[in-house]
Amino acid sequence: MTFDTCRQCGTCCRKGGPILHYEDMTLCENNILAIKHLITIREQEPVFSPLSTNIEPAPQELIKLSGVNGTWTCLFFQEDNRTCGIYHNRPLECRALKCWDTGELERIIYQQTLSRRDIIAPDNPIWPLLEWHNEHCRYSRLNDLARQKSGMENQITTIINNDLSVRQRALTMFSLNLAEELFYFGRPMFKALPARLAVRPDRRGSLTVYHKEV
Ligand code: SF4
């Protein structure tokens, strides 16, 4: 059966909120979208691609609407009546997405997207921590190490503990809540490890990476 209109099944919104584009900046400026609604996807972070429908490294830093309850279901999706809580102000990708014809979405995907630099003021005192994080906790490096069959666990362990320690520092210095942490730093890097790697905590709260038994 074919169709050419939205049936409000909710599938698109459950797969994840949209990535934001320059055109969506007015939603941020008008406080329809606030930091608590946003999550940063860092460059090369493994993420669901609406083009391939696979998990792939993000080609550049992206800002996305957050999910709810540990899922990627868009936080504005209202499950009880399967509607959008900001329908008249929904971002560009939501307006472009037609599941029966993805051509419009394909034309804009990853084009003119927002990053943290568009949203965080240049004089915000959190920037030195974000710069340190970007330099010492790169997904490109983590992905390279994780692709090796074995022997890289110590280096991966260092990266994911650096990631945790800079977050802890920011939480202490700026009293961030969880939603703000996810915007400023993205999700913790140990959560993006490939399935064959796992972590265990030590008594001081640091993590150690190891290969799972197959
Ligand atoms: S903003 Fe609205 S239309 Fe877009 S994914 Fe979220 S709930 Fe769906």
Side-chain angles (χ1 to χ4, degrees), residues 1-121 124 130 139 176-189 191-192:
M1 187 173 75
T2 59
F3 53 94
D4 60 3
T5 188
C6 177
R7 298 174 302 165
Q8 286 188 264
C9 65
T11 301
C12 300
C13 308
R14 287 192 201 98
K15 281 184 178 170
I19 287 161
L20 299 184
H21 298 247
Y22 291 157
E23 196 171 317
D24 300 314
M25 194 62 201
T26 51
L27 299 175
C28 300
E29 290 164 351
N30 294 333
N31 284 325
I32 292 160
L33 299 180
I35 280 177
K36 66 181 178 184
H37 301 132
L38 308 177
I39 182 168
T40 294
I41 306 294
R42 296 175 59 225
E43 186 177 345
Q44 295 295 304
E45 178 174 344
V47 67
F48 175 79
S49 164
L51 283 184
S52 68
T53 67
N54 289 323
I55 303 292
E56 293 178 354
Q60 72 242 26
E61 178 175 314
L62 304 165
I63 306 293
K64 184 177 171 68
L65 292 198
S66 293
V68 282
N69 301 329
T71 74
W72 283 112
T73 297
C74 177
L75 82 171
F76 289 114
F77 181 61
Q78 300 175 148
E79 192 68 60
D80 49 348
N81 54 5
R82 298 197 304 234
T83 56
C84 171
I86 54 166
Y87 183 78
H88 295 292
N89 291 297
R90 65 199 190 286
L92 175 66
E93 288 193 1
C94 304
R95 302 196 307 272
L97 178 60
K98 301 171 181 68
C99 60
W100 62 93
D101 176 6
T102 55
E104 196 175 338
L105 181 67
E106 286 169 25
R107 278 192 290 279
I108 61 168
I109 197 93
Y110 301 141
Q111 305 294 317
Q112 301 192 313
T113 51
L114 293 179
S115 73
R116 288 173 289 181
R117 292 214 173 273
D118 299 303
I119 297 173
I120 306 172
N124 188 315
L130 299 182
Y139 270 104
L176 303 182
N177 58 36
L178 176 61
E180 291 166 333
E181 178 193 332
L182 292 175
F183 168 71
Y184 284 112
F185 293 94
R187 61 183 167 148
M189 294 178 83
K191 295 199 169 178

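One-based numbering along the sequence shown. Note that the structure is predicted; figures quoted are calculated from it, not measured. Indexing begins at 1, ligand by ligand and atom by atom, following the structure's order.
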Can you list the ligand 1 atoms lying under 4.0 Å from a non-hydrogen atom of C94? 1 (S), 3 (S), 4 (Fe), 5 (S)

Which of the atoms of ligand 1 are close to F76, meaning less than 4.0 Å from one of its heavy atoms? 7 (S)

Is a side-chain N or O of Q8 found less than 3.5 angstrom from the main chain of R82, in a donor-acceptor match? yes

Donor-acceptor check, side chain of Q60 to backbone of Y110, threshold 3.5 angstrom: yes or no? yes

Assess C13: does it contribute an N, O or S atom lying under 2.8 Å from atom 8 (Fe) of ligand 1? yes

Could you check atom 2 (Fe) of ligand 1 against the protein and tell me its nearest heavy-atom contact, residue, atom and distance included? C84 SG, 2.3 Å

Residue D80 excluded, over 12 heavy atoms near CG under 6.0 Å: yes

Locate the shortest heavy-atom distance separating I39 from S66; write the atom from each residue and the value. N-OG, 3.5 Å

Using a strict 4.0 Å cut-off to heavy atoms of F77, name the atoms of ligand 1 that fall inside it. 7 (S)

For atom 6 (Fe) of ligand 1, decide whether C74 has an N, O or S atom at a distance under 2.8 Å. yes

Tell me whether E61 contacts the main-chain N or O of R116 through its side chain, where contact means a donor paired with an acceptor under 3.5 Å. yes

